[in-house]
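A quick write-up on the structure given underneath.
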Amino acid sequence: MLDAVQFEDLQLPAVPILTEPFRSTGLAMAELRGYVDYPFVTVAHPVTSLSMEQTLALADMITPAVESHLVDGPLIDEAASSSRTSVGRFSPAAAEEAGSVVDFDDLVEDLAAGLHSDGADLSGHRSGTQITFRLHIPDEACAQCVMPSTMLMPMFQRRVDSVLGRGFSVDIEDPRLDTPS
């Protein structure tokens with residue numbers, strides 16, 4: 001995903017192809033780079049165990065979507081894009097339209113959803129204007145799959161600013177590090 005959005009920064013269209021378990025991570029990475037609703041192709045996981053014939057069939061299946069994006073531009077539903085902050089994720093505007101109250105627990109739950117596919121979870125504590133998020137990575141084998149807290153920090157801060165308003169300070173406690181980031 002990172003390579004694709006870096007190409008987009010250079011005005012070169014790109015189409016990332018992600019396996020399903022990395023969908024949330026891909027969305028988060030695109031959002032972190034400022035590409036909310038960035039389109040990509042998702043395929044079943046894993047792909048490394050596919051035979052040559054299965055790989056070619058998969059490539060044939062996704063080629064029309066990839067080609068359309070490269071030739072005609074991104075396949076984004078403009079009406080849907082304007083009504084949410086990112087694909088399939090929590091939207092403060094949609095919550096307000098539905099009459100629900102935007103609260104801290106909803107924010108934490110939404111941010112945690114982006115970590116679940118990597119085998120991680122998130123909890124949060126708010127004290128005045130200080131917000132501390134705590135990463136929970138129960139399986140050490142998955143620790144390398146979870147985005148580094150230095151990459152999560154700006155994304156979490158941006159989300160806090162957009163949902164709760166500016167003026168909050170965000171820290172992330174990461175069990176992979178000795179001190180909060």
Side-chain angles (χ1 to χ4, degrees), residues 1-78 80-81 84-91 107-124 133-156 158-159 172-178 181:
M1 179 63 78
L2 181 58
D3 291 339
V5 297
Q6 287 177 328
F7 276 112
E8 296 285 353
D9 287 343
L10 298 171
Q11 303 299 310
L12 299 170
V15 182
I17 301 168
L18 303 158
T19 60
E20 188 58 42
F22 297 99
R23 179 178 175 74
S24 296
T25 302
L27 287 168
M29 184 166 290
E31 181 180 337
L32 177 64
R33 296 292 303 220
Y35 287 88
V36 177
D37 291 332
Y38 187 73
F40 55 89
V41 175
T42 306
V43 297
H45 185 80
V47 292
T48 56
S49 61
L50 297 177
S51 68
M52 180 58 78
E53 293 79 24
Q54 292 169 319
T55 303
L56 292 172
L58 178 62
D60 288 342
M61 183 178 74
I62 65 173
T63 295
V66 171
E67 184 179 73
S68 178
H69 174 75
L70 293 174
V71 174
D72 302 325
L75 301 172
I76 298 177
D77 178 349
E78 295 301 328
S81 293
R84 60 182 187 258
T85 57
S86 60
V87 177
R89 311 266 316 250
F90 175 74
S91 165
L107 172 65
V108 174
E109 184 177 316
D110 179 57
L111 292 172
L115 299 169
H116 290 162
S117 65
D118 291 330
D121 203 357
L122 187 74
S123 60
F133 293 106
R134 170 87 175 133
L135 285 174
H136 303 278
I137 308 172
D139 183 356
E140 285 188 38
C142 291
Q144 292 182 2
C145 299
V146 179
M147 197 179 298
S149 55
T150 55
M151 292 183 74
L152 292 171
M153 180 70 82
M155 181 180 68
F156 286 11
R158 187 175 307 132
R159 187 61 63 87
I172 299 176
E173 294 177 359
D174 187 335
R176 299 169 294 182
L177 306 173
D178 293 331
S181 59

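What's counted below: heavy atoms across the whole structure, side chains too, no hydrogens, waters or symmetry copies. Quick note: residue numbers are just sequence positions, from 1.
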State which residues pass ring pair (Phe, Tyr, Trp, His ring centres under 6.0 Å) with H45; sequence neighbours excluded, sorted by chain then number.
F22
Taking 4.0 angstrom as the limit, do E31 and R158 come out as a salt bridge?
no
For P46, which residues count as a side-chain contact (heavy atoms from CB on, under 4.5 Å) partner, sequence neighbours excluded?
T48, S49
Looking only at heavy atoms, what is the nearest atom pair of T19 and A44, with distance?
CG2-O, 3.8 Å
Which heavy-atom pair separates A112 from D121 by the least distance, and what is that distance?
CB-OD1, 3.5 Å
Between the main-chain N or O of V146 and the side-chain N or O of R176, is there a donor-acceptor pair closer than 3.5 Å?
yes
Option from L18, I17, T25, L27 for which side-chain contact (heavy atoms from CB on, under 4.5 Å) with M1 holds:
L18
4.5 Å side-chain heavy-atom contact, D3 and Q6:
yes
Decide yes or no for L152 and F133: does some side-chain heavy atom of the first lie under 4.5 Å from some side-chain heavy atom of the second?
no
Are P175 and R134 side-chain neighbours, meaning at least one heavy-atom pair lies under 4.5 Å?
yes
The salt bridge (charged side-chain N to carboxylate O under 4.0 Å, His left out) partners of D9 (sequence neighbours excluded) come to R33
Working to the nearest 0.5 Å, report the span between NE2 of H136 and CG of L115.
10.5 Å
